[in-house]
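First the structure, in the form of structure tokens, and then the observations on it.
When a residue number appears, it is its place in the shown sequence, counting from 1.
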Amino acid sequence: MSDEQSEQLASFMVPGGNYGYTGAAIDTLQSFENTIALGLVDESGSTSSFAKQLESCVKEIVGSLRDNPNADKLLYAHYHFDTNFREVHGFTELNSINPADYDGCWAGGGRTTLYDSESKVVKFVGDYGKQMAAQRYLCNGIIYVLTDGMDWGSVQTPEAVKDALAAVITGEEMESLMTILIGINDDPGVQQGLKDHADEVGFTQYIPAGKADKKTLSKIAGFISQSISSQSQALGSGGPSQSLTF
């Protein structure tokens with residue numbers, strides 16, 4: 001996304017927090033029915049060896065979504081985390097995003113503050129959904145989290161992530177919210193730990209993807225883009241789409 005496009009996004013503050021996010025102004029959206037998609041990608045030091053593959057994965061996801069029949073009803077936001085948390089870009093209509101903009105987007109190297117980052121993005125999606133509902137827009141959402149390890153260094157706890165998810169679901173401003181945690185590590189202990197975390201906080205689905213090679217990350221890209229497309233197609237049905245098989 002160009003600097004000019006980023007400047008056109010409105011700023012939103014999370015109620016009760018000292019942080020916020022950006023997104024397209026609600027009254028400028030082309031459609032009154034929208035799927036809010038958000039990607040959260042681990043850029044801790046242990047991912048540095050496959051940073052380019054991660055960038056290619058994101059480019060493949062966005063490129064595929066641009067070809068979707070419902071592309072004009074999709075908004076996508078992208079965030080990275082290590083010790084710090086950063087917005088690559090806020091909620092943006094898909095036709096304004098160029099996949100090539102993700103070249104060089106990896107810029108991390110710290111710890112895996114998974115819980116802090118999950119808590120934030122869930123609140124972002126929930127709040128943006130409330131902003132839409134307040135103006136009588138219909139929306140649903142999907143969040144995918146891509147990590148190669150367990151949490152290290154978060155202030156927040158899994159309980160905080162669980163509470164954030166529960167608040168979005170019980171708030172009922174969004175028709176449905178699908179959440180997917182993907183572990184790209186072939187260590188059985190890490191995989192079990194991530195699965196336990198996903199179960200504990202209430203993620204819709206956990207995917208043990210295994211090795212972080214080009215083939216696996218391309219498969220992940222296809223799975224995520226299909227999941228987002230499926231959620232978009234379910235909008236208006238009163239519930240979430242069916243979880244796909246990886």
Side-chain angles (χ1 to χ4, degrees), residues 37-65 76-88 99 102-122 125 142-154 156 158 161 165 178-231 243-246:
L38 184 149
L40 176 63
V41 177
D42 185 349
E43 63 177 3
S44 59
S46 56
T47 68
S48 60
S49 63
F50 51 94
K52 292 297 182 184
Q53 292 95 315
L54 283 173
E55 291 176 5
S56 295
C57 179
V58 177
K59 290 169 63 177
E60 192 172 336
I61 292 167
V62 173
S64 177
L65 290 174
Y76 181 67
H78 194 74
Y79 293 82
H80 283 194
F81 72 99
D82 51 16
T83 304
N84 300 307
F85 174 89
R86 66 186 181 94
E87 180 180 275
V88 177
Y102 298 100
D103 286 331
C105 67
W106 190 97
R111 298 177 178 177
T112 308
T113 54
L114 182 63
Y115 305 155
D116 288 353
S117 304
E118 287 175 339
S119 179
K120 285 181 179 178
V121 297
V122 169
V125 169
I142 179 168
I143 298 170
Y144 74 87
V145 181
L146 194 60
T147 183
D148 78 330
M150 296 293 297
D151 180 88
W152 184 26
S154 283
Q156 298 290 340
V161 183
L165 276 171
M178 176 177 286
T179 50
I180 305 170
L181 178 62
I182 302 168
I184 45 172
N185 191 317
D186 57 1
D187 184 300
V190 172
Q191 288 293 353
Q192 187 60 54
L194 288 172
K195 182 182 185 307
D196 291 344
H197 169 63
D199 291 342
E200 179 183 4
V201 303
F203 272 78
T204 308
Q205 193 172 7
Y206 176 65
I207 303 296
K211 294 182 178 179
D213 54 24
K214 183 177 180 180
K215 180 179 179 181
T216 300
L217 289 171
S218 181
K219 186 178 179 182
I220 288 171
F223 173 80
I224 293 170
S225 61
Q226 289 174 21
S227 296
I228 294 173
S229 296
S230 179
Q231 183 73 336
S243 297
L244 303 178
T245 301
F246 181 72

Q: For the pair Leu244 and Phe223, evaluate side-chain contact (heavy atoms from CB on, under 4.5 Å) and give the outcome as yes or no after the intermediate values.
A: CA-CA 8 Å; Leu244 303 178; Phe223 173 80; 3.8 Å; yes
Q. Hey, does the side chain of Thr216 reach the backbone of Ala212 with a donor-acceptor pair shorter than 3.5 angstrom?
A. no
Q | Donor-acceptor contact present, side-chain Thr204 to main-chain Ile180, <3.5 Å | A |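 Flag not set: sc Thr204 to bb Ile180 has no pair under 3.5 Å.
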Q) In terms of the angle between their ring planes, are Tyr144 and His78 parallel, tilted or perpendicular, with boundaries placed at 30° and 60°? A) tilted
Q: I would like to know whether Ser48 and Trp106 meet side-chain hydrogen bond (donor to acceptor under 3.5 Å, both in side chains); could you show each step before the answer?
A: CA-CA 8 Å; Ser48 60; Trp106 190 97; over 6 Å; no
Whether the [X] and [Y] side chains hold a donor-acceptor pair (N or O, under 3.5 Å, no angle test) is what I'd like checked.
{"X": "Ser225", "Y": "Glu60", "answer": "no"}
{"X": "His197", "Y": "Glu118", "answer": "yes"}
{"X": "Glu55", "Y": "Tyr102", "answer": "no"}
{"X": "Asp187", "Y": "Gln191", "answer": "no"}

Is any side-chain heavy atom of [Y] closer than 4.5 Å to one of [X]?
{"X": "Leu38", "Y": "Tyr76", "result": "no"}
{"X": "Leu217", "Y": "Ser56", "result": "no"}
{"X": "Asp213", "Y": "Phe50", "result": "no"}
{"X": "Tyr79", "Y": "Ser117", "result": "no"}
{"X": "Ile228", "Y": "Ile224", "result": "yes"}
{"X": "Val58", "Y": "Cys105", "result": "no"}

Heavy-atom closest pair, residues [X] and [Y]:
{"X": "Arg86", "Y": "Glu43", "answer": "NE-OE2, 2.8 Å"}
{"X": "Ala209", "Y": "Ile182", "answer": "CB-CG2, 3.9 Å"}
{"X": "Ala198", "Y": "Leu181", "answer": "CB-CD2, 3.9 Å"}
{"X": "Leu40", "Y": "Phe85", "answer": "CD1-CE1, 4.0 Å"}
{"X": "Gly183", "Y": "Leu194", "answer": "CA-CD1, 3.9 Å"}

From [atom1] ([X]) to [atom2] ([Y]), nearest 0.5 Å:
{"X": "Gln53", "Y": "Lys215", "atom1": "CD", "atom2": "NZ", "answer": "15.0 Å"}
{"X": "Tyr115", "Y": "Trp152", "atom1": "OH", "atom2": "CH2", "answer": "14.0 Å"}
{"X": "Gln205", "Y": "Thr179", "atom1": "CD", "atom2": "OG1", "answer": "9.0 Å"}

Q | Test log, rule side-chain contact (heavy atoms from CB on, under 4.5 Å), inputs Ile61 and Ile220 | A | CA-CA 9 Å; Ile61 292 167; Ile220 288 171; 5.6 Å; no
Q. Does the pair Lys120/Asp116 count as a salt bridge with the N-to-O cut at 4.0 Å?
A.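 Salt bridge: no.
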Q | Under-4.0 Å salt bridge between Asp151 and Arg111 | A |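 The answer is no: the pair does not qualify as a salt bridge.
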Q) Given Phe81 and Leu114, is the side-chain contact (heavy atoms from CB on, under 4.5 Å) satisfied, shown in steps? A) CA-CA 8 Å; Phe81 72 99; Leu114 182 63; 3.8 Å; yes
Q | Residues Ser46, Asp148; criterion side-chain hydrogen bond (donor to acceptor under 3.5 Å, both in side chains); working and verdict | A | CA-CA 8 Å; Ser46 56; Asp148 78 330; 2.8 Å; yes
**Q.** Name of the residue among Val190, Thr147, Ile207, Leu54 meeting side-chain contact (heavy atoms from CB on, under 4.5 Å) with Ile184
**A.** Leu54
Q. Does atom NZ of Lys195 have more than 12 heavy-atom neighbours from other groups under 6.0 Å away?
A.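 No - once you tally the heavy atoms of other residues, nucleotides and ligands closer than 6.0 Å, there are 12 at most.
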Q. Among Thr113, Asp82, Thr112, Thr83, whose side chain to side chain donor-acceptor pair (under 3.5 Å) with Ser44 holds?
A.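 In the set Thr113, Asp82, Thr112, Thr83, the residue that makes a side chain to side chain donor-acceptor pair (under 3.5 Å) with Ser44 is Thr112.
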